[in-house]
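Below, all heavy atoms of this structure are taken into account, side chains as well, without hydrogens, waters or symmetry copies.
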Amino acid sequence: MMLCYKSTRNSELRVSSSQAILKGLSSDGGLFVPEKLPVLEVSMDALKGMTYQETAYAVMKQFLTDFTEEELKACINKAYDEKFDTEDIAPLAKVGGTYFLELFHGATIAFKDMALSILPHLMITAAKKNHVENEIVILTATSGDTGKAALAGFADVEGTRIIVFYPKNGVSRVQELQMTTQKGSNVDVVAIHGNFDDAQSKVKAIFEDQELAKELKEKGYQFSSANSINIGRLVPQVAYYVYAYGKLLANDEIGDGEEVNVVVPTGNFGNILAAYYAKQMGVPIGKLICASNENKVLFDFFETGTYDRNREFVLTSSPSMDILVSSNLERLIYLITGEDSDKTKELMAGLKGKGSYSITNEMAEKLKDFHAGYATEEDTTDCIRRIYQETGYVIDTHTSVAAYVCEQYRGKSGDSRKCLVASTASPYKFAKSVMMAIDGKYEASDDLELLDELHRVSGVDMPQAIQDILDAKVIHTLECDTDKMQETVKALLKH
């Protein structure tokens with residue numbers, strides 16, 4: 001039986017999973033959600049012996065029902081191959097009493113690889129299924145990691161173009177170089193004079209512009225997204241939480257049916273929403289702990305029931321989380337309204353118009369699976385140093401936010417369940433911030449100068465992704481103001 005997808009802002013709309021992947025965003029501005037959350041067909045006991053690829057198939061076949069077994073397995077096998085530097089794809093590291101799910105072993109050393117390695121294959125398969133003849137233009141805003149992972153995934157993929165916008169001075173030096181040195185005949189990278197929220201809101205506006213869509217269609221183009229708003233990004237993320245639970249069982253770290261708390265450093269809310277979906281599929285997950293940095297808009301939402309982006313935007317050492325509009329939260333809002341698309345549309349209009357909305361007490365009751373915390377810059381730094389000094393394990397700034405919030409939750413709640421922390425990026429991606437946390441003497445050094453020192457301290461080999469940028473030539477130097485993003489897209493597509 002085919003699982004259809006509907007828009008969070010129009011429950012009457014129905015599309016297949018392949019159509020949802022191709023569109024990225026619904027034409028009414030809503031996000032695609034499954035008409036019902038599927039249940040895993042394999043037992044937790046069976047999970048213990050499954051590879052990452054087998055687990056991914058068991059999860060994804062439940063969501064992407066109009067893909068054949070052959071198509072889906074082909075996409076999975078092309079995605080999760082030697083691009084990853086470990087056969088496990090997403091290994092678990094036990095550090096002290098906490099389990100770190102290392103999601104940074106792909107080509108660009110951040111968790112975005114887990115989904116963006118497969119999205120191009122899903123999209124090309126979906127295009128063939130739906131007899132799409134237009135060139136697919138992937139339009140993406142990034143706070144640092146999505147951009148490079150999407151560029152690497154779509155570079156030179158036939159039938160696609162990709163344009164990535166990132167905030168100038170709003171990403172790490174390594175993140176910027178990873179994007180601006182990206183090769184590919186179908187690739188464009190543009191620095192915007194603004195922050196990630198500016199880029200994200202403008203990209204959404206471009207998607208919603210029906211006149212522009214019509215104009216580009218006549219020229220043989222159609223837009224799609226590689227951002228986490230695309231259901232083709234979200235579904236592959238569910239797989240690694242399912243896999244992690246199976247590995248904990250296989251390693252005798254937990255007993256049958258034992259609940260595990262999941263802690264996720266959270267910006268756009270996609271990664272923690274994937275954990276929530278895994279829980280709904282039947283994985284014994286206890287609390288979903290949402291960890292924010294000083295841009296704590298999600299922490300405040302879970303504490304008060306009001307989402308308010310009217311606040312100072314803070315540039316932190318965890319830039320991939322420097323976000324005030326967490327797009328994927330809309331999918332959760334839709335669920336807690338009782339799948340009321342009119343109510344969801346009304347709340348999102350409030351966010352767009354006045355920058356805030358408030359949920360009802362009845363809706364708030366449905367958020368009991370979640371807990372929220374946040375880490376200051378000082379907390380983040382101290383946590384990196386403390387974990388290194390106590391265990392020798394080096395984590396990046398985003399993972400540190402989650403590790404700190406995890407510690408705080410354990411200390412205050414008395415909850416004794418084991419905790420799985422989503423480790424979302426390699427420390428090599430944020431070398432200066434990490435090394436300064438370990439020892440303040442590195443403050444005067446440049447990111448790239450500290451790579452060898454990080455190797456010495458961590459004992460972890462320098463990833464290929466870092467070696468690749470050290471001598472690479474900067475190819476992309478285009479910049480624009482946020483109000484010129486649409487003009488820039490049109491100009492690039494004339495080339």
Side-chain angles (χ1 to χ4, degrees), residues 37-60 62 80 84 86-105 111 114 236-266 271-291 368-373 383 387 390-393 395 399-424:
L37 284 170
V39 176
L40 264 180
E41 289 182 345
V42 295
S43 68
M44 294 300 110
D45 191 57
L47 274 179
K48 291 194 287 191
M50 290 168 66
T51 65
Y52 190 86
Q53 292 84 349
E54 289 166 343
T55 307
Y57 176 70
V59 171
M60 292 170 66
Q62 300 297 106
Y80 305 115
F84 287 80
T86 169
E87 201 175 313
D88 290 343
I89 308 296
L92 280 171
K94 186 177 182 182
V95 183
T98 303
Y99 303 90
F100 288 82
L101 178 60
E102 294 186 345
L103 300 171
F104 52 77
H105 288 274
F111 83 100
M114 302 299 295
Q237 290 179 279
V238 179
Y240 48 72
Y241 293 109
V242 180
Y243 177 74
Y245 192 87
K247 279 292 157 263
L248 287 171
L249 277 173
N251 297 341
D252 294 323
E253 297 291 348
I254 55 173
D256 291 341
E258 184 178 343
E259 286 191 345
V260 174
N261 295 329
V262 175
V263 193
V264 187
T266 311
N271 205 5
I272 194 166
L273 184 67
Y276 178 76
Y277 276 19
K279 180 180 170 86
Q280 301 309 305
M281 289 188 87
V283 179
I285 291 171
K287 281 287 183 187
L288 297 141
I289 301 170
C290 176
K368 285 187 173 176
D369 286 339
F370 290 87
H371 171 81
C383 188
I387 288 175
E390 291 174 2
T391 68
Y393 188 65
I395 57 175
T399 306
S400 179
V401 169
Y404 174 80
V405 169
C406 180
E407 288 173 2
Q408 293 298 300
Y409 173 75
R410 276 175 160 160
K412 291 176 182 175
S413 69
D415 187 340
S416 61
R417 287 176 290 200
K418 296 181 176 79
C419 287
L420 178 73
V421 171
S423 185
T424 53

#### Entry: salt bridge (Lys or Arg N to Asp or Glu O under 4.0 Å) evaluation trace for Glu253 with Lys94
CA-CA 10 Å; Glu253 297 291 348; Lys94 186 177 182 182; 3.1 Å; yes
Work out which heavy atom in [X] is nearest to a heavy atom in [Y]; give both atom names and the distance.
| X | Y | result |
| --- | --- | --- |
| Val263 | Ala402 | CG1-O, 3.4 Å |
| Leu47 | Gly246 | CB-CA, 4.0 Å |
| Tyr80 | Ala56 | CE1-CB, 4.4 Å |
| Pro284 | Gly257 | CB-O, 3.9 Å |
| Ser400 | Cys383 | OG-CB, 3.2 Å |
| Tyr243 | Ala90 | CE2-O, 3.5 Å |

Any side-chain donor paired with an acceptor under 3.5 Å for [X] and [Y]?
| X | Y | answer |
| --- | --- | --- |
| Tyr409 | Asp415 | yes |
| Arg410 | Ser416 | no |
| Asn251 | Tyr99 | no |

If you round to the nearest 0.5 Å, how far is [atom2] of [Y] from [atom1] of [X]?
| X | Y | atom1 | atom2 | answer |
| --- | --- | --- | --- | --- |
| Thr98 | Glu407 | OG1 | CD | 7.0 Å |
| Leu103 | Thr424 | CG | OG1 | 7.5 Å |
| Ile272 | Ile289 | CD1 | CD1 | 8.0 Å |

Close side-chain approach of [X] and [Y], heavy atoms under 4.5 Å:
| X | Y | value |
| --- | --- | --- |
| Pro236 | Met60 | yes |
| Pro38 | Tyr277 | no |
| Tyr404 | Gln408 | yes |
| Ser423 | Leu101 | no |
| His105 | Pro91 | yes |
| Met281 | Val59 | yes |
| Leu40 | Val242 | yes |
| Gln280 | Asp369 | yes |

With no hydrogens and no angle check, is any side-chain donor or acceptor of [X] less than 3.5 Å from a backbone partner on [Y]?
| X | Y | value |
| --- | --- | --- |
| Glu102 | Ala93 | no |
| Lys279 | Gly286 | yes |
| Thr399 | Ile395 | no |

### Task
Check step by step if side chain to side chain contact (heavy atoms under 4.5 Å, CB included) holds for Ile89 and Met114.
CA-CA 8 Å; Ile89 308 296; Met114 302 299 295; 3.7 Å; yes
### Message
Testing Lys287, Arg417, Lys418 one by one against Asn261 for a side chain to side chain donor-acceptor pair (under 3.5 Å), which residue passes?
### Response
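Exactly one option meets the side chain to side chain donor-acceptor pair (under 3.5 Å) with Asn261, and it is Arg417.
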### Query
Val260 pairs by side-chain contact (heavy atoms from CB on, under 4.5 Å) with which of Val283, Ile285, Leu249, Leu420?
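Only one option passes, and that is Leu420.
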### CA sep, side-chain torsions, deciding dist, call: Tyr393, Phe100, ring-ring contact (aromatic ring centres under 6.0 Å, His included)
CA-CA 10 Å; Tyr393 188 65; Phe100 288 82; 5.4 Å; yes
### Query
Between Tyr240 and Tyr52, does the ring centroid distance fall short of 6.0 Å?
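Aromatic pair excluded; centres sit 6.0 Å or further apart.
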### Query
Please walk me through it: do Leu288 and Tyr241 pass side chain to side chain contact (heavy atoms under 4.5 Å, CB included)?
CA-CA 12 Å; Leu288 297 141; Tyr241 293 109; over 6 Å; no
